[in-house]
Amino acid sequence: MTKSKLNIFRYTDFRMFIRDCLDEAKARDRKYSRRYFCHRIGLSSTNYLKRIIDGSRDLTDDLAQRLSTAMELDREEKVFFYHLVRFGQAKTTEAKHGLSAN
């Protein structure tokens with residue numbers, strides 16, 4: 001995946017950002033596929049990534065690292081992406097408020 005033209009700082013949902021990045025890559029290259037991307041980040045199942053995007057699975061720190069590298073995010077973008085992931089996966093309102101205070 002080449003560097004996305006999407007501005008991650010306009011996103012409040014990491015799942016939407018991942019989906020939009022994949023859609024953008026597919027629009028640039030019709031041969032690009034989620035299967036290829038999953039293989040590139042070390043996932044044996046495209047369904048796992050689909051479930052993350054759909055919200056039925058959480059994104060681990062390790063996979064967040066691999067995704068941000070594969071999406072060619074720079075240092076600032078990676079930090080923001082990790083915060084989006086933590087915020088998006090926080091289970092309680094109090095946890096979300098605690099994250100936004102940092």
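Values reported hereafter were calculated over all heavy atoms of this structure, with side chains retained and with hydrogens, waters and symmetry mates removed.
Between the CE atom in M71 and the CG atom in L6 there is a gap of 10.0 Å [rounded to 0.5 Å]. Atoms OG1 and NZ, from T46 and K50 in turn, are 9.5 Å apart once rounded to the nearest 0.5 Å. Residue E77 holds its CD atom at 6.5 Å from CD1 of I8, rounded to the nearest 0.5 Å. Taking CD from E24 and NZ from K5, the interatomic distance works out to 7.5 Å, rounded to the nearest 0.5 Å.
Residues passing the side-chain hydrogen bond (donor to acceptor under 3.5 Å, both in side chains) test with D29, sequence neighbours excluded: none. Every residue two or more places apart in sequence or in another chain was checked for a side-chain hydrogen bond (donor to acceptor under 3.5 Å, both in side chains) with K26, and none qualifies. By the side-chain hydrogen bond (donor to acceptor under 3.5 Å, both in side chains) test, D74 is found to be paired with no residue, residues two or more places apart in sequence or in another chain being considered. The ring-ring contact (aromatic ring centres under 6.0 Å, His included) test applied to F80 returns F9, not counting sequence neighbours.
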Below 3.5 Å, can you tabulate the donor-acceptor pairs from side chains in residues 61-68 to any protein atom, sequence neighbours excluded?
{"from": "D62", "atom 1": "OD2", "to": "R66", "atom 2": "NE", "distance (Å)": "3.2"}
{"from": "D62", "atom 1": "OD2", "to": "R66", "atom 2": "NH2", "distance (Å)": "3.0"}
{"from": "Q65", "atom 1": "OE1", "to": "Y82", "atom 2": "OH", "distance (Å)": "2.5"}
{"from": "Q65", "atom 1": "NE2", "to": "T69", "atom 2": "OG1", "distance (Å)": "3.1"}
{"from": "R66", "atom 1": "NH1", "to": "I41", "atom 2": "O", "distance (Å)": "2.6"}
{"from": "S68", "atom 1": "OG", "to": "A64", "atom 2": "O", "distance (Å)": "3.2"}
{"from": "S68", "atom 1": "OG", "to": "Q65", "atom 2": "O", "distance (Å)": "3.0"}
{"from": "S68", "atom 1": "OG", "to": "Y82", "atom 2": "OH", "distance (Å)": "3.1"}

Review item, side-chain donor-acceptor pairs of residues 13-20, under 3.5 Å, at least two apart:
{"from": "D13", "atom 1": "OD1", "to": "R15", "atom 2": "N", "distance (Å)": "2.8"}
{"from": "R15", "atom 1": "NH1", "to": "I52", "atom 2": "O", "distance (Å)": "2.2"}
{"from": "R15", "atom 1": "NH1", "to": "R57", "atom 2": "O", "distance (Å)": "3.1"}
{"from": "D20", "atom 1": "OD2", "to": "Y11", "atom 2": "OH", "distance (Å)": "2.6"}

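Closest approach of C38 to S45, counting heavy atoms only: SG-O, 4.1 Å. Residue K78 comes nearest to L73 through the heavy atom pair CE-O, 3.4 Å, listed as atom of the first residue, atom of the second, then distance.
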Go through R51 and D58 one step at a time and tell me if the salt bridge (Lys or Arg N to Asp or Glu O under 4.0 Å) criterion holds. CA-CA 8 Å; R51 292 181 67 199; D58 281 344; over 6 Å; no
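Looking only at side-chain heavy atoms (C-beta outward), Y32 and L22 come within less than 4.5 Å of each other. Side-chain contact between L43 and H39 is absent, with no heavy-atom pair separated by less than 4.5 Å.
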